[in-house]
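Worksheet: one structure, shown below.
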Amino acid sequence: QVQLVESGGGLVQPGGSLRLSCAASGSGFAIYAMGWYRQAPGKQRELVATITSTGSTNYADSVKGRFTISRDNAKNTVYLQMNNLKPEDTAVYYCNADLEVVTTGYEYVHWGQGTQVTVVS
């Protein structure tokens, strides 16, 4: 019913940039917030950045000053601009959305499939 489609991952050298996109599609839901998380092999999934429907943002300390999250509410799309990438940024990046089913008021978090970001020289 609800689908999150991610794109923009790839291979980049240290110091390079990538822009990730995530579009939410479907009907019958409202989005309170969207965000990006990442998971490296053998590690727990961690928060990268979040943004609310009103534009409030939150970033992990490790990406502050380098990454920027933004959104287009009309398109239900969230973006992550990643600059000055480092090898430690290598991970699968997952989009998520904090959703409410409008007919029931049920709130839940929906996840995308993930997109690989690899930073190597």
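Position 1 is the first residue of the sequence; numbering continues from there. The figures that follow rest on heavy atoms only: side chains count, while hydrogens, waters and symmetry mates do not. Remember, it's a predicted structure, so these values are computed and weren't measured experimentally.
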Point to revise | Cationic tip of Arg38 above Tyr94 ring, under 6.0 Å, 45° of axis | key: no

Review point. If only atom types and distance count, is the side chain of Thr77 paired as donor or acceptor with the main-chain N or O of Lys75 below 3.5 Å?
Key: yes

Review point. How are the rings of Tyr108 and His110 set to each other: parallel, tilted or perpendicular (split at 30° and 60°)?
Key: perpendicular

Check your understanding: Given the rule that I, L, V, M, F, W and Y join up when any side-chain heavy atoms are under 4.5 Å apart, are Leu4 and Leu18 in one cluster?
Key -> yes

Point to revise | Gap separating the OG1 atom of Thr50 from the CG atom of Asn58, nearest 0.5 angstrom | key: 4.5 Å

Practice item. Please lay out, stage by stage, how Val78 and Ile69 fare under the test side chain to side chain contact (heavy atoms under 4.5 Å, CB included). Key: CA-CA 7 Å; Val78 64; Ile69 190 169; 3.6 Å; yes

Exercise for review: Determine whether the side chains of Thr90 and Glu88 contain a donor N or O and an acceptor N or O closer than 3.5 Å.
Suggested key: no

Check your understanding: So among Leu99, Val101, Asp98, which one has a side-chain contact (heavy atoms from CB on, under 4.5 Å) with Glu107?
Key -> Asp98

Point to revise | Single-linkage hydrophobic cluster, 4.5 Å side-chain cutoff, Val63 and Tyr93 together | key: yes

Practice item. Verify whether the ring centers belonging to Phe67 and Trp36 lie closer than 6.0 Å. Key: no

Review point. Between Leu11 and Val92, is there a shared hydrophobic cluster once you connect ILVMFWY residues whose side-chain heavy atoms come closer than 4.5 Å?
Key: no

Check your understanding: Taking it one step at a time, do Val120 and Val12 satisfy side chain to side chain contact (heavy atoms under 4.5 Å, CB included)?
Key -> CA-CA 6 Å; Val120 295; Val12 66; over 6 Å; no

Check your understanding: Donor-acceptor pair, Glu6 side chain versus Gly114 backbone, under 3.5 Å?
Key -> yes

Check your understanding: In terms of hydrophobic clustering (I, L, V, M, F, W, Y; side-chain heavy atoms under 4.5 Å; direct or indirect links), are Tyr59 and Val48 co-clustered?
Key -> yes

Check your understanding: How many angstroms lie between atom CD of Gln113 and atom CD of Gln3, to the nearest 0.5 angstrom?
Key -> 8.5 Å

Check your understanding: Would you call Lys86-Asp89 a salt bridge at under 4.0 Å N-O?
Key -> no

Review point. Where is the tightest heavy-atom contact between Gly9 and Leu20, given as atom of each residue plus distance?
Key: N-CD2, 3.5 Å

Exercise for review: Please name the pair of heavy atoms, one in Gln13 and one in Ser121, separated by the smallest distance, quoted to 0.1 Å.
Suggested key: NE2-O, 4.2 Å

Check your understanding: Has Gln44 got more than 12 heavy atoms of other residues, nucleotides or ligands less than 6.0 Å from its CD?
Key -> no

Review point. Hey, what do you get for OG (Ser21) to CZ (Arg71), rounding to the nearest 0.5 Å?
Key: 14.5 Å

Study note, to complete from the structure: dist Ser62:OG -> Glu46:CD (nearest 0.5 Å) comes out at 5.5 Å

Review point. Are Val102 and Val109 connected in a single hydrophobic cluster, I mean Ile/Leu/Val/Met/Phe/Trp/Tyr linked by side-chain heavy atoms less than 4.5 Å apart?
Key: no

**Study point:** Between OG on residue Ser53 and CD1 on residue Ile31, distance to nearest 0.5 Å
**Key:** 9.0 Å

Point to revise | Note, Thr68 side chain near Leu80 side chain (heavy atom, < 4.5 Å) | key: no

Check your understanding: Does any donor atom in the side chain of Asn83 or Ser17 lie under 3.5 Å from an acceptor atom in the other side chain?
Key -> yes

Check your understanding: Any cation-pi pair here, Arg19 with Tyr79, using under 6.0 Å and within 45°?
Key -> yes

Point to revise | Closest contact, heavy atoms only, Met34 versus Ala97 | key: CG-CB, 4.1 Å

